[in-house]
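Working notes for the structure below.
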Amino acid sequence: MRLGTSADADATAVDLHLDDGVITGIHPAARASDGAPGSREDTLDGRGLLALPGLVNTHAHVDKSWWGLPWQSYGGEGGTEGRIRHERARRDELGIPSLGITQRVLTELVRHGTTAIRTHVDVDPGLGLRGIEVVREAVADYGDALTVEVVAFPQDGVLRRPGVLELLADAARAGEQR
């Protein structure tokens, strides 16, 4: 394997030592003729490919992404508030949030190399904490292979929608109990 940014594979060739899928050591590459780990049956030849850390998506909305759904024409009013109203009006029709949609979004993120996500999940009187519950259920399928931080997101704001502040407090309490 190679680490770093050098185009010279020999200068950065290394052996990665793994224990239960976790990198436990990085050492200069051994040659098979040395009788080193590279010559044993329990090794995998990285063929000089580049080893990179997983990608981190620090701003996702996996609970309400339209990724994987048929193309949707935006027909709502202009401006931020108009778009929020349009999204809220269509979410039940589109099945958002749902376990299937959230799983599909997570599958695509992981397929493209994402190993850590910070996702904003809508919390409002129409949804309650359902989006957070769906995301937690979908993420559980990945075990330790995917790190997800859930942020309760009051898309409509806290002051304009009565009850949102209480929902945020409920979400915070639920997060502490995990």
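- Residues passing the ring pair (Phe, Tyr, Trp, His ring centres under 6.0 Å) test with H112, sequence neighbours excluded: none.
- Within the 3.5 Å criterion, the main-chain N or O of H17 finds a donor-acceptor partner in the side chain of T24.
- In terms of modelled atom types and a separation under 3.5 Å, the side chain of S65 and the main chain of H61 share no donor-acceptor contact.
- Among all heavy-atom pairs drawn from A60 and I117, the shortest one is CB-CG2, 3.8 Å.
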- Would you sort out whether V134 and D63 count as a side chain to side chain contact (heavy atoms under 4.5 Å, CB included), showing the intermediate values? CA-CA 7 Å; V134 164; D63 64 314; over 6 Å; no
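- Remark: D122 CG to L129 CG distance equals 12.0 Å, nearest 0.5 Å.
- A salt bridge is absent between E133 and R136; no separation between the charged side-chain nitrogens and carboxylate oxygens falls under 4.0 Å.
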- Query: Stepwise, does the side chain to side chain contact (heavy atoms under 4.5 Å, CB included) test hold for V62 with L109?
  - Reply: CA-CA 10 Å; V62 301; L109 289 170; 3.9 Å; yes
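- Distance check: N57 CG to T119 OG1 gives 8.0 Å after rounding to the nearest 0.5 Å.
- Interatomic distance, D170 CG to L165 CG, rounded to the nearest 0.5 Å: 10.0 Å.
- Listed here is the closest heavy atom pair of G126 and R161: N-NH2, 4.3 Å.
- Under the 4.5 Å side-chain heavy-atom criterion for ILVMFWY residues, no single connected hydrophobic cluster contains both L99 and V123.
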- Under the side chain to side chain contact (heavy atoms under 4.5 Å, CB included) criterion, do I96 and E87 qualify, and how do the steps go? CA-CA 10 Å; I96 295 174; E87 176 185 284; over 6 Å; no
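- Smallest separation of non-hydrogen atoms from P154 and V164: CB-CG1, 3.6 Å.
- Side-chain contact between F153 and V121: absent, with no pair of heavy atoms (C-beta onward) separated by less than 4.5 Å.
- The structure places CG of D156 at 9.5 Å from CZ of R85, a figure rounded to the nearest 0.5 Å.
- Nearest heavy atom pair, residue P97 against residue L127, reads CD-CD2, 3.5 Å.
- Contact of the R88 side chain with the Q155 side chain is not registered, since no non-hydrogen atoms from C-beta on lie closer than 4.5 Å.
- For the atom pair H27 NE2 and D15 CG, the distance stands at 8.5 Å (nearest 0.5 Å).
- One hydrophobic cluster holds both V150 and V110 under the rule that ILVMFWY side chains link at heavy-atom gaps under 4.5 Å.
- Between A171 and A152, the closest heavy-atom pair is CB-CB, 3.7 Å.
- Contacts of R90 classified as side-chain contact (heavy atoms from CB on, under 4.5 Å), with partners at least two apart in sequence or in another chain: W66, Q72, H86, E93, L94.
- Between the side chain of T102 and the main chain of S98, a donor-acceptor pair closer than 3.5 Å is present.
- Heavy-atom contacts from other residues, nucleotides or ligands closer than 6.0 Å to CD of E137 number 12 or fewer.
- A distance of 13.0 Å separates CZ in R111 from CZ in R104, rounded to the nearest 0.5 Å.
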